[in-house]
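Reviewing the structure listed below.
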Amino acid sequence: MRNTLLLSLLVSNCAAIAAQLPVPIFKAVDVDTKVEIGYGVTVADVNGDKKPDILLADKNLIVWYENPSWTKHVMAEKLTPLDHVCLAAQDIDGDGKCEVAVGAGWNPGDTLNSGAVFYLMPPADRTQRWEPVTLPHEPTVHRMRWVKNGDGGYDLVMVPLHGRGNKPATGEGAGVKVVRYQKPGNARDAWKVETLDESMHKTHNFDPVQWDDDAAQEMLVGGKEGVFLMDMTGAKPTMTQLSGTESGGAGEVRAGRLAAGKRFVATVEPMHGNNLVVYTAAEGKKLWHRNVLDESLVDGHALACGDFSGIGRDQIVVGWRAMNRPGVKVGIKLFTPLDAGGAKWEQTLIDDNTMACEDLCLADLDGNGKLDIVAAGRATKNVKIYLNQGVKPAGQ
């Protein structure tokens, strides 16, 4: 009887807290309704007008959409016979215009001969075609980001899906080579290329994060063995395990903040999985505390963390695509922490079956000081933005 009463009070208290939390309102806008796959999406200022533009790695095209008209400009086409799969965009030289690298040659079943990496040289008129410069690569090129180094500049980091020659179905065999590229003054010259780590398998995604007080960013890497923090300080990177393999390892991974700066790590588990999970540091324990927020995702494939509501702690955005599952709903959800420690979360549906989410990212697209969502859909063949209109008035 006492336990039932306590449970009732807890549920009632959480409901009361949820009712008091500001809930963001989003306005959905179609940017493109004719993409082929929409493998990867990111945001950066392409033309130097101080407005964030949208960049997309589509099956056969690398494109950018110009803010605010969202006019589509083709940067490159059919860089390899196989699909483009990822891209990274960042102003790395401080001129106000982003540099762009892309991954292509996508064939996850070929762990020997697939993959390609290109740096795109911009023309004077950035609405025209960019010149691809071929860089060395590993098979199954899958994800890339520009990551801040210890000197305050940026290096390109690329993470394949598999190790060279391993078994695609199980990930057995060689470890995945996490590769860093250092851009020379002239991008057509040879780039310095080094392997940072090759201890993990089936590494699906990673997240650069400022974890400590030094200049270099660290990286959270999700894979078959769980989530690891890669610290680039010193001559050789160190790997610290944060999560295990309770549900088959991690696919997507992103870092977030709770009250008073307390960290959390959000994951989709396993790769292409059904679980949205939050990890928080567990005092005295090597691995972090695991909290499953949702077990209903169908092919979860996109993740981001940010404060949409101005509550001083991050929310989680997760998208799923239900690939090869006709008739199953797709969409995007928002999860809001109801307490300072991240034990209880409230979910809000943002997109109901119009976005088979392959990838998403966050940015303030319209300059109103609020985070918006950019998403690319696979089966739905679209790019959409979800503009943050502020929060619902109290009581609504």
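Everything quoted here is computed from the prediction, not taken from an experiment.
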Report the distance from atom [atom1] of [X] to atom [atom2] of [Y], rounding to the nearest 0.5 Å.
| X | Y | atom1 | atom2 | answer |
| --- | --- | --- | --- | --- |
| Thr380 | Asn353 | OG1 | CG | 9.0 Å |
| Ile385 | Ile373 | CD1 | CD1 | 11.0 Å |
| Thr336 | Ile316 | OG1 | CD1 | 9.0 Å |
| Ser114 | Trp106 | OG | CH2 | 7.5 Å |
| Leu334 | Trp345 | CG | CH2 | 9.5 Å |
| Leu61 | Ile37 | CG | CD1 | 11.5 Å |

Sub-3.5 Å donor-acceptor pair from the side chain of [X] to the main-chain atoms of [Y], do we have one?
| X | Y | result |
| --- | --- | --- |
| Thr195 | Val179 | no |
| Arg254 | Thr267 | no |
| Asp339 | Ala343 | yes |
| Gln241 | Val227 | no |
| Asp372 | Leu365 | yes |
| Asp307 | Gly310 | yes |
| Asp359 | Ala302 | no |
| Arg164 | Ala174 | no |
| Asp314 | Arg257 | yes |
| Asn60 | Lys78 | no |

Query - cation_pi(Arg145, Phe206) dist<6.0 Å, angle<=45 - result: yes
Query raised in the report: Any cation-pi pair here, Arg263 with Trp288, using under 6.0 Å and within 45°?
Result: no
Query - Matching residue for Met232 among Lys148, Gln217, Met219 - test: side-chain contact (heavy atoms from CB on, under 4.5 Å) - result: Met219
Report summary line: For Trp211 and Glu218 the tightest heavy-atom approach is N-OE1, 2.8 Å
Requested in this report: Count the heavy atoms of every other residue, nucleotide or ligand shown that sit under 6.0 Å from NZ of Lys167, and state whether that count exceeds 12.
Outcome: no
Ionic contact status for [Y] with [X], cut-off 4.0 Å:
| X | Y | value |
| --- | --- | --- |
| Glu99 | Lys183 | no |
| Lys59 | Asp83 | yes |
| Lys224 | Glu172 | no |
| Asp91 | Lys97 | no |
| Lys51 | Glu66 | no |
| Asp352 | Lys329 | yes |

Query raised in the report: What residue among Arg180, Lys177, Lys236 forms salt bridge (charged side-chain N to carboxylate O under 4.0 Å, His left out) with Glu194?
Result: Arg180
**Report entry** Partner of Asp299 by side-chain hydrogen bond (donor to acceptor under 3.5 Å, both in side chains), out of Arg321, Arg378, Arg325
**Finding:** Arg321
Do [X] and [Y] have a side chain donor and acceptor closer than 3.5 Å?
| X | Y | value |
| --- | --- | --- |
| Asp155 | Asn149 | yes |
| His272 | His204 | yes |
| Ser247 | Arg290 | yes |
| Glu252 | His301 | no |

Report task. Please list all pairs passing the salt bridge (charged side-chain N to carboxylate O under 4.0 Å, His left out) test where one or both residues lie in residues 31-44, with sequence neighbours left out. Result -> Asp32-Lys72
**Report entry** For Lys384, side chain to side chain contact (heavy atoms under 4.5 Å, CB included) partners two or more places apart
**Finding:** Ala28, Asp30, Asp351, Thr354, Met355, Asn382, Tyr386
**Report entry** Set of side-chain hydrogen bond (donor to acceptor under 3.5 Å, both in side chains) partners for Asn275, sequence neighbours left out
**Finding:** none
Report task. Flag the pair Tyr181 / Tyr119 as yes when their ring centroid distance falls below 6.0 Å, and as no otherwise. Result -> no
